[in-house]
Structures are given as structure tokens and as C-alpha cells.
Number of protein chains: 2
Amino acid sequence: MATIYEVSELAGVSLATVSRVMNDSSKVSPKTREKVEAAMKELGYRPNLIAQSLASNRSNSVGVLVPELHGPFFGAMLSALEDEIRASGRHIIITAGHSDETKERESIEFLSKRRCDALILYVYGVPDDFLVEFSESSVPVVFLNRLIPKKANQCISLDNELGGYMATKSLLELGHRELAYISGPLWKRDSTKRLMGHKRALGEFGLGLNEQLMFEGTYEESSGRRGMKHLLASGVPFSALICGNDEMAAGAMGAARDRGLTIPGDFSVIGFDNVPFTRYLYPELSSIDCPIEEMGRMAARCVLRDAYGREGLEIKNRFEPTLVRRASISSIQ
Amino acid sequence: MATIYEVSELAGVSLATVSRVMNDSSKVSPKTREKVEAAMKELGYRPNLIAQSLASNRSNSVGVLVPELHGPFFGAMLSALEDEIRASGRHIIITAGHSDETKERESIEFLSKRRCDALILYVYGVPDDFLVEFSESSVPVVFLNRLIPKKANQCISLDNELGGYMATKSLLELGHRELAYISGPLWKRDSTKRLMGHKRALGEFGLGLNEQLMFEGTYEESSGRRGMKHLLASGVPFSALICGNDEMAAGAMGAARDRGLTIPGDFSVIGFDNVPFTRYLYPELSSIDCPIEEMGRMAARCVLRDAYGREGLEIKNRFEPTLVRRASISSIQ
DNA sequence: AGATAGAATGTAACCGCTTACATTTTATCT
DNA sequence: AGATAAAATGTAAGCGGTTACATTCTATCT
């Protein structure tokens with residue numbers, strides 16, 4: 001690979017001039033620029049961005065830590081995020097933390113060594129105080145889907161409580177009173193918040209949570225299946241089911257169908273996240289939509305503002321879910 | 001951030017010794033190592049991997065170019081790939097080429113400037129000769145889901161033709177003779193190969209492709225819907241439908257249901273890729289399974305062998321699909 | 001022609017770390 | 001105690017590019 005030294009020799013100019021041609025077009029005469037560019041072309045010169053990063057103390061990379069690379073949720077967010085960062089001439093370095101505290105800490109350490117210009121963290125395992133302390137360093141940090149009060153303007157989050165409230169209220173307004181609930185893992189705060197919203201809506205209708213109609217799942221399809229079986233085995237009747245995410249809803253629907261039950265004939269179902277496959281299910285699944293692409297985009301904008309000094313960007317920190325009604329819910333019979 | 005100079009001063013040793021402690025444990029006495037490690041700890045030293053990369057002429061990063069970051073297919077592959085690379089102490093730099101030649105070329109250029117130790121390319125737009133030439137450079141390249149004859153041992157590919165053959169033959173063996181086919185975009189060679197397998201299976205039963213029962217889609221759900229409508233509008237009867245991927249199959253199923261048709265009652269359906277949501281559909285979709293996680297893992301191993309000199313790795317270059325039978329196909333009535 | 005100011009270009013020291021070769025220390029043998 | 005070899009450590013020159021400050025060139029004015 002040709003280096004800047006070879007380009008400077010061939011063009012008959014100094015290293016600094018070659019560097020200026022590459023980075024700053026204002027202080028180079030057109031004639032000199034032509035000579036340099038011709039030399040670059042002849043040599044097939046490709047700048048070494050590693051050297052550039054070291055010399056300029058800027059890596060032009062953004063570290064992104066997400067829970068998983070697979071699954072229907074994170075891909076869309078990463079895609080939107082990557083597009084925005086890439087459009088600004090930078091790239092992202094992605095790593096997965098698997099929602100595990102130790103792995104998340106390793107990942108953060110890893111990205112830190114990598115001297116990313118900024119970090120976007122979507123983490124569950126590590127506590128707030130660690131994150132607050134970490135974000136006091138000189139590297140800008142953006143927290144995705146997490147609200148840390150002391151760092152509110154570095155957080156891009158969804159009002160999960162409102163989503164749980166909306167899901168529940170929509171069913172209550174359709175006349176349902178016996179509501180079953182399959183939550184995500186309750187150590188994850190988005191699960192807890194969604195459940196809180198559920199309880200708030202129940203409260204508004206003078207109802208309380210029936211523990212027998214409640215099952216804690218893992219956000220995976222199989223736990224939705226297990227939840228359905230658990231709920232049916234309880235013998236307590238319910239006319240609607242709220243699931244903490246769509247994958248569990250799909251599992252629950254499958255388990256119900258295995259028992260000869262129909263949706264929404266026997267009971268209505270509503271999921272959470274509105275991932276693409278909600279449209280493919282039969283009946284099509286109603287769901288609480290999270291604007292995850294928009295949130296990813298917004299995280300990218302935070303980074304452009306904080307690490308790269310971009311001005312005039314409108315940044316929204318708090319997102320609200322919306323209810324997407326499909327065929328899986330109906331009025332109570 | 002503390003540097004190696006500060007550590008060396010505090011520990012009272014040379015830079016080289018600090019570097020040796022970090023990288024090579026064999027030529028440092030235990031006493032000296034302790035001193036250095038204590039100094040590192042006191043200073044909260046984190047090595048700058050950018051400087052390390054420049055000095056060692058090795059970035060410990062692998063560039064990965066995929067068509068998309070979103071969608072059910074690529075996430076699982078990326079996840080498996082990242083796990084394997086990460087386990088070896090390296091990381092991946094991911095970028096999306098959107099199956100567009102220009103964007104793919106930009107991405108390859110970008111990753112090249114980044115001085116990744118190796119590249120894993122999952123590309124559709126750029127031609128073989130460009131890829132062959134590019135792979136002659138000193139940077140090892142692995143091609144995912146693409147078979148380039150001159151570079152066979154750098155390719156990790158799936159026998160798409162066999163997948164198309166298997167999908168079709170399974171239906172023929174169930175007695176179906178009028179088969180409809182919704183292909184992916186035919187400029188993509190995996191679509192073309194799948195169609196070729198379809199034709200081969202038809203041929204074995206003395207049948208030919210009925211152009212009226214053929215629709216070229218885009219691999220997206222909406223094109224599956226359009227394809228279904230097109231096929232039904234043709235008025236030519238068919239007892240089974242083969243789709244070039246699962247998303248189109250889901251769309252086709254939805255469109256059929258909109259017309260009051262049932263699956264497999266009115267016709268059987270089989271998809272391709274066996275993505276997770278195939279299990280959530282009703283009826284559950286039969287599909288041709290691609291071991292994409294295994295392929296991603298294998299690409300990672302190719303890189304470990306070619307770029308990092310790992311020996312003794314068993315590497316498989318050619319993968320075969322398998323048929324996953326579910327409720328969406330049945331014998332002809 | 002000479003003076004002045006701004007534009008353009010060059011020089012040299014880094015950036016944080018690696019590593020080949022040189023030097024010192026240590027352990028062992030006689 | 002002296003010699004020898006291996007282990008341990010140090011020195012110095014990069015790696016490819018950036019940039020502050022110095023120098024040269026160019027354009028304009030008198």
C-alpha cells in the first residue's frame with residue numbers, strides 16, 4: 001500500500017501538502033492539488049485511517065453495544081443508526097452484550113480501548129451508577145432505551161410505562177375485565193415499566209392485578225408458549241392477553257391454537273414492539289409500536305452533536321409508543 | 001487517559017517492558033511484571049488499540065459487508081460471526097451495502113482504508129472479476145453466500161440450486177403437478193439458482209416451467225402479496241406454491257387468506273431460509289433451512305486461518321440446505 | 001523597484017505503541 | 001573468582017499521518 005511519503009515524492013510536495021489535499025481543500029492551490037491528486041491516482045493511494053486516527057486523536061468511529069445482533073428488534077435500529085453515522089463519514093463498531101453484566105462491562109472496556117469517539121450503549125445488566133461514572137469521562141456516551149435521570153439529555157428512551165398502559169386500556173375500553181399478562185423478565189426495567197403501565201390502567205378501571213393471570217417470561221417465543229399453558233392451567237378465565245413483546249405473543253398464540261382456541265374468538269391478544277412479523281401472523285397481531293428506527297437515528301444525532309460538534313440538530317430524547325390495532329383484538333362477547 | 005510512558009515511569013521500567021507485560025508474558029520476570037501491573041492499575045491504564053494497530057501493522061478487526069442490517073436473515077449470521085471473532089479477541093466492523101454495486105464498492109473502499117486484517121463480503125452487486133482482483137491483494141477476503149470458482153476455498157456458500165430442487169421435489173412427491181413459483185429478484189444469483197433447482201426437479205417428473213405460474217418478486221413481503229394476486233388472476237390452477245424466501249411466502253399467504261383461500265387446503269406453500277417467524281405463521285410454514293449461523297461461523301474461521309494463522313481449524317466451504325416440513329404442505333387432494 | 005500582507009507550502013515534532021538489536025543482569029559451571 | 005550462556009531489560013527508530021509554527025511565494029500597493 002502506498003503511503004503519504006510516496007505520494008509527496010511523486011508529486012514533488014511536502015507531506016503536509018498531501019495531508020492538506022486530503023483533509024482541507026482551502027489552503028492548497030489548484031495546480032498543486034492537481035499534482036497531488038494525480039500522484040494519488042497513479043499510486044492507487046488509500047489513506048490509512050488508523051494512522052489518521054492516531055495522529056488526529058479522533059477515530060471517526062462510534063462504538064455501539066446492543067443486547068443482541070439477532071432477532072427482529074435490533075436489526076432495524078442498527079440499520080437506521082448505521083445509515084446516519086455512515087452518512088457523516090464515520091462508521092460504527094458493534095458488539096453484543098447479551099444483557100449480561102459481565103459481558104457488558106467487557107464490551108464497554110473493549111470499546112473504550114478502541115478509542116471510539118463516542119459510545120452508544122443499549123445495556124441492561126450494568127447499574128446506573130456505573131454508567132453515570134463512566135459517562136463523566138471525556139468520551140460522549142448516549143444511552144439507548146434507558147432513562148438515567150442524571151443524564152437525561154444523553155438518553156434516548158421509550159415510555160414503556162405508557163405502552164403497557166395503552167395496551168391494557170385499549171382492551172379495557174373494548175369491555176374486557178379479566179386480563180392475563182405475560183411479562184418479559186422482570187429484572188429488565190422495560191419489562192417492569194410495561195407491567196407498571198398495565199397496573200395503572202387496571203387501577204383506572206377499579207381493577208387490580210390478578211396474580212393468577214400473570215406469568216413472567218423471558219421475551220422469547222418459548223416462554224410465551226409456557227405462559228399460555230400456565231394461564232390455561234390456572235383455570236381462571238380471561239378474555240384478553242397482553243404480552244410484553246411480540247415473540248412471546250406469537251408463542252402464546254401458537255399454544256392457544258394447539259388447544260383448539262381461537263383468537264380473538266376465545267380471547268384477544270396484544271403484543272409489544274410491533275416487529276415486522278406481527279403482520280404475518282394469523283390473525284394479524286395488534287401491538288404497541290416502538291419507533292426503534294427513529295430512536296436509533298436520534299442516538300446517532302446525539303453522537304454527531306456531542307462528539308463531532310454538529311449544530312442545529314433537533315434531538316428528541318423521549319419517545320412514545322403507539323397502538324397498532326390489527327385483527328387479534330376485538331370487543332368482549 | 002494514561003499512556004505507556006506514564007506506566008513505565010511509575011513502574012520504573014522501560015516502554016518495551018511495559019509493552020512486553022501487555023503482550024508477551026514470557027520475557028518478563030515475575031517481580032517486574034507485578035510492578036508494571038500495579039502501575040497500570042493505579043493509573044487505570046487502558047491501552048490505545050489504535051496506536052497498537054499502527055505500530056504492529058495489525059488492526060485486529062475484521063470488516064464485514066452485508067446486504068442489510070435489518071431483516072430476519074442477517075442478524076443470526078452476524079451474531080454467530082461476531083461471537084467467533086470476538087472470542088478470538090478481535091472485533092468486526094460492519095457496514096451495509098444494500099445490494100447496490102456502487103454502495104458495495106464504497107463499502108469495500110471504506111473497509112480497505114480502515115486497514116481491516118480481513119474482509120468478509122456478502123455482496124450481490126459487484127461482479128466476480130472485481131472480487132477476484134480485489135482478493136489478490138494482501139488482505140485475506142472471504143466471500144459469503146457466493147461461489148467464485150477461482151476462489152473456491154475463500155467462499156462459504158449454500159447450494160441454492162439444491163434448495164430449489166428439494167422444495168419442488170417434496171411437493172412433486174406429495175402428488176402436486178401444477179406448481180406456482182414466486183422467485184426473488186432474478187439478477188441475484190441465489191434467486192436464479194433456486195429457480196434452476198425448481199426446473200431441474202420439474203424436469204425429473206417430465207414437467208416444464210409454466211411461465212403463467214411464475215412471478216418475479218423482490219424478496220420482500222409486499223412482492224409476495226403481489227405475486228399471489230398475479231397468480232390468482234392468471235386463472236391457471238395450481239395446487240402448490242414455492243416462494244424464493246419466507247417473507248414473500250408470508251405475503252402470499254396473507255393475500256390468499258384475503259381471498260378466502262386456505263393453506264394447505266386450497267394449496268400448499270413452502271418458503272426458503274427458515275427464518276424464525278416461519279414457526280409463528282398459521283399454518284406453520286414449511287421452509288428450506290439455510291444454516292446461516294454455521295456459515296457465519298465458518299467465515300469467521302476462514303478469517304482466523306487466513307489472517308491470523310490459526311491452524312487445525314476444520315473449515316467447510318459448501319453448505320447444503322435441509323427441508324423443514326411443517327403444516328403448510330400436504331398431499332394433493 | 002521595494003514594501004507589505006495574505007496565501008501557500010515546508011519543517012519538525014508528535015500521536016501511543018511495537019520491536020530489532022544492544023546492553024545488562026542472572027544463573028550456572030569450572 | 002572468572003567465564004559463559006541465557007534471561008531480562010533498555011534504546012532508538014519506526015508505523016502513517018497531523019498540525020503548529022516557520023518560511024517562502026504571490027499579489028497588491030506606493
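Atoms considered below: every heavy atom in the structure, side chains included; atoms not considered: hydrogens, waters and symmetry mates. Proteins get letters first, then strands, A, B, ... in listed order; numbering begins at 1 in each.
Proximity of Val64(A) to Thr95(A): side-chain heavy atoms (C-beta onward) are nowhere separated by under 4.5 Å.
When the ring-ring contact (aromatic ring centres under 6.0 Å, His included) test is applied to Tyr219(A), no partner is found at least two apart in sequence or on another chain. Residues satisfying the ring-ring contact (aromatic ring centres under 6.0 Å, His included) criterion with Phe319(B), sequence neighbours excluded, are absent altogether. Among residues two or more places apart in sequence or in another chain, the ring-ring contact (aromatic ring centres under 6.0 Å, His included) test is passed with Tyr45(A) by none.
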Please enumerate all protein N or O atoms sitting under 3.5 Å from an N or O of nucleotides 22-27 of chain C, with distances to 0.1 Å.
none

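Interface remark: the Tyr5(A) side chain does not form any donor-acceptor pair with the dC15(D) base, using a distance-only criterion of under 3.5 Å.
Rounded to an integer number of Å, the gap from Lys27(A) NZ to dT18(D) P is 16 Å. In this structure, Arg114(A) places its CZ atom 13 Å from C1' of dC17(C), rounding to the nearest Å.
A salt bridge is absent between Arg301(A) and Asp306(A): the closest approach of a Lys/Arg side-chain nitrogen to an acidic carboxylate oxygen does not fall below 4.0 angstrom. A salt bridge links Glu294(B) to Arg297(B): one of the charged nitrogens lies within less than 4.0 Å of a carboxylate oxygen.
Over its length, the helix from dA1(C)-dT30(D) to dT30(C)-dA1(D) turns its helix axis by 40°, as judged from the five terminal pairs at each end, rounded to 10°.
Here Ser29(B) lies in heavy-atom contact (under 4.0 Å) with sugar-phosphate atoms only. Here Val13(A) lies in heavy-atom contact (under 4.0 Å) with sugar-phosphate atoms only.
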**OP:** For ring pair (Phe, Tyr, Trp, His ring centres under 6.0 Å), just list the numbers for Tyr122(A) and Phe74(A), CA-CA rounded to whole Å, side-chain angles, deciding distance to a tenth of an Å, and then say yes or no.
**Re:** CA-CA 10 Å; Tyr122(A) 190 145; Phe74(A) 302 108; 5.3 Å; yes

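Contacts between residues 47-55 of chain A and DNA chain D, counted as heavy-atom distances below 4.0 Å, involve Pro47(A), Asn48(A), Ala51(A), Gln52(A), Ala55(A).
Ranking dT9(C), dC17(C), dT18(D) by closeness to the Ser56(A) side chain, first place goes to dT18(D).
Nearest-nucleotide mapping onto DNA chain D: of Arg115(B) and Ala16(B), the residue sitting toward the 5' end is Ala16(B).
In this structure, Arg90(B) is positioned above the aromatic face of Tyr308(B), its NZ or CZ under 6.0 Å from the six-membered ring centre and within 45° of the axis.
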